[in-house]
Amino acid sequence: MKTLIQKIHVEEQYSFACRTYRTPTFETAWHRHPECELILITEGNGTALIGDYIGDYKQGDIFFLGSDLPHWFRKSKQDAVGSAIVVHFLKDFWGTGFLALPEMHVIAGLLKNDSTGIQLTGDLSKEIALMIRQIENTEGLERIQLLLSCMDRIGASEEQKVITMAFDTIAGREENIVIEAIIDYSFKNFLNPISLEEVAASTNMSISAFCRFFKKNIKKSYFGFIKELRIGHACKLLRDTNRPILDICYDSGYNSWAHFSKQFKVVTKVSPLKYRKQFRTG
């Protein structure tokens, strides 16, 4: 049984989809689809779960997701509004052999790796955001030309970071429901002490079965996942507030400065103080 697949509707006058998804249609839990996805966040913020990547998303962010890459843009607050312009297209929608043309080698290189996620940065992000908005409001051949231009610019630019790659899961529909429940439980409780006994019990699994299930489907340990949620929360507080770093440590689910500092460096590669200074300098 295949992983839960979202059905993408393409109107008959188009060869690929481009539309705005706004609350409540913005909310689609952990899912995948055979189409590649180019998404521009136009409203709201929260946590992006893309393959084995966990990170913040906010207005203006752009992600390119390869075919069959599981993902979930989870809002920071349940009653908040989320919105995005999303382009969905199959890799071969332009016809067999098109990507084999010499002039298409940059785009072919970008599309060849399924289950790879990219986040755009710098001036490229601003440029592609404008083009995505144009695609949504354009008809005819120009629409395809704009998409080709987007893919060519992304493929040729260094203003991007690969956030996940070669991610694969064999989860079926029932497993997918369990994954969603685990993620939801984790977001509600990650700032509090969490035991494997508690989270395993919430899924009606033994601890060993739960650990195997989570590692197989999310590609990391459960406490590795919780660590990234906690450090992501700390990063947000470091960026958005002037609160003392020690207070942020304790408000991010840690009761030891040494442990917090060590885990922060593992995730971000810098100390909490340096992270704050780099962000504000940038």
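We're numbering straight along the sequence, starting at 1.
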Show, in sequence, the C-alpha distance, side-chain angles and deciding distance for Y185 and T203, and conclude whether the side chain to side chain donor-acceptor pair (under 3.5 Å) test is met. CA-CA 10 Å; Y185 176 93; T203 63; over 6 Å; no

Determine whether the side chains of T20 and E136 contain a donor N or O and an acceptor N or O closer than 3.5 Å. yes

Take the angle between the ring planes of H33 and H88 and call it parallel below 30°, perpendicular above 60°, tilted in between. perpendicular

When rounded to the nearest 0.5 angstrom, what distance separates CZ in F64 from CG in L111? 5.0 Å

From F264 CZ over to S252 OG, what is the distance, rounded to the nearest 0.5 angstrom? 9.0 Å

Looking at D240, I want to see if its CG is surrounded by more than 12 non-hydrogen atoms of other residues, nucleotides or ligands under 6.0 Å. yes

Does Y53 reach the side chain of L49, with side-chain heavy atoms less than 4.5 Å apart? no

Look at the side-chain heavy atoms of Ile, Leu, Val, Met, Phe, Trp and Tyr, link any pair under 4.5 Å apart, and say whether F225 and V266 land in one connected group. no

Taking it one step at a time, do M131 and Q134 satisfy side-chain contact (heavy atoms from CB on, under 4.5 Å)? CA-CA 5 Å; M131 297 171 75; Q134 289 176 326; 4.1 Å; yes

I'd like to know whether T268 forms a side-chain contact (heavy atoms from CB on, under 4.5 Å) with I231, so could you lay out the CA-CA distance, the side-chain angles of the two residues, the decisive distance to 0.1 Å, and finally the verdict. CA-CA 8 Å; T268 68; I231 297 304; 4.0 Å; yes

P272 side chain reached by I248 side chain, heavy atoms, under 4.5 Å: no

Should T116 and T164 be marked as a side-chain contact (heavy atoms from CB on, under 4.5 Å) after you check the CA-CA gap, both sets of side-chain angles, and the distance that decides it? CA-CA 6 Å; T116 297; T164 186; over 6 Å; no

Taking the ring of F63 and the ring of F73, is the distance between their centroids below 6.0 Å? yes

Kindly determine whether E43 and R22 satisfy salt bridge (Lys or Arg N to Asp or Glu O under 4.0 Å), including the steps that lead there. CA-CA 8 Å; E43 190 174 358; R22 193 173 191 273; 3.2 Å; yes

Could you go step by step and tell me if E139 and Y14 meet the side chain to side chain donor-acceptor pair (under 3.5 Å) rule? CA-CA 8 Å; E139 302 287 336; Y14 298 130; 2.7 Å; yes

Within the 4.5 Å heavy-atom criterion, are I118 and I163 side-chain neighbours or not? no

Which value, rounded to the nearest 0.5 Å, describes the distance between L229 atom CG and N189 atom CG? 11.0 Å

Is there a path of hydrophobic side-chain contacts, each under 4.5 Å between heavy atoms of I/L/V/M/F/W/Y residues, joining L238 to Y250? yes

Heavy-atom distance under 4.5 Å between the side chains of R230 and F260, does that happen here? no

Is it true that atom CD of E158 has more than 12 heavy atoms of other residues, nucleotides or ligands lying nearer than 6.0 Å? no

Would you say Q263 and Y254 are linked by a side-chain donor-acceptor pair, where the criterion is simply a distance under 3.5 Å? yes

Contact between F26 and K75 at the side-chain level, heavy atoms closer than 4.5 Å - yes or no? yes

For a 4.5 angstrom cut-off between non-hydrogen side-chain atoms, does V10 reach S15? no

Starting from V106, can I reach V162 by hopping between I/L/V/M/F/W/Y residues whose side chains sit under 4.5 Å apart? no

N/O donor to acceptor pairs below 3.5 angstrom from side-chain atoms of residues 143-154, sequence neighbours left out:
residue, atom, partner, partner atom, Å
R143, NH1, F16, O, 3.0
R143, NH2, F16, O, 3.1
S149, OG, Q145, O, 3.0
R153, NE, E127, OE1, 3.2
R153, NE, E127, OE2, 2.9
R153, NH2, E127, OE1, 2.9

Applying a strict under-4.5 Å side-chain criterion to I, L, V, M, F, W and Y, I'd like to know whether L120 and M165 cluster together. yes

How far apart are the closest heavy atoms of E159 and L124, and which atoms are they? OE1-N, 3.0 Å

Surrounding NZ of K91 (heavy atoms of other residues, nucleotides or ligands, distance under 6.0 Å), is the total greater than 12? yes

Side chains of I179 and F214 in contact at under 4.5 Å (non-hydrogen atoms): no

For E27 and Y21, what are the C-alpha separation, side-chain angles and deciding distance, and is it a side chain to side chain donor-acceptor pair (under 3.5 Å)? CA-CA 8 Å; E27 287 78 52; Y21 292 85; over 6 Å; no

Separation of H233 NE2 from T47 OG1 (nearest 0.5 Å): 10.5 Å

For the residue pair F89 and F93, does the interplanar ring angle fall in the parallel (under 30°), tilted (30 to 60°) or perpendicular (over 60°) class? perpendicular

Under a 4.5 Å side-chain heavy-atom rule over Ile, Leu, Val, Met, Phe, Trp and Tyr, are I207 and Y222 clustered together? yes

Nearest heavy-atom neighbours spanning T25 and T28: O-OG1, 4.1 Å

I'd like to know whether R74 forms a side-chain contact (heavy atoms from CB on, under 4.5 Å) with D184, so could you lay out the CA-CA distance, the side-chain angles of the two residues, the decisive distance to 0.1 Å, and finally the verdict. CA-CA 10 Å; R74 192 179 191 278; D184 187 59; 2.9 Å; yes

E11 CD: over 12 foreign heavy atoms closer than 6.0 Å: yes

Taking atom NZ of K220 as the centre, does the number of heavy atoms from other residues, nucleotides or ligands within less than 6.0 Å exceed 12? yes

Carefully, step by step, assess T42 and Q59 under the rule side chain to side chain donor-acceptor pair (under 3.5 Å). CA-CA 5 Å; T42 55; Q59 183 176 338; over 6 Å; no

According to the interplanar angle, ranging from 0 to 90°, do the rings of F190 and F187 count as parallel (below 30°), tilted (30 to 60°) or perpendicular (above 60°)? perpendicular

Sub-4.5 Å side-chain heavy-atom contact between K265 and Y275: no

Rounded to the nearest 0.5 Å, the CD1 atom of I132 sits from the CD1 atom of I62 at a distance of 4.5 Å

Can you tell me how far the OG1 atom of T121 sits from the NZ atom of K126, to the nearest 0.5 Å? 11.0 Å

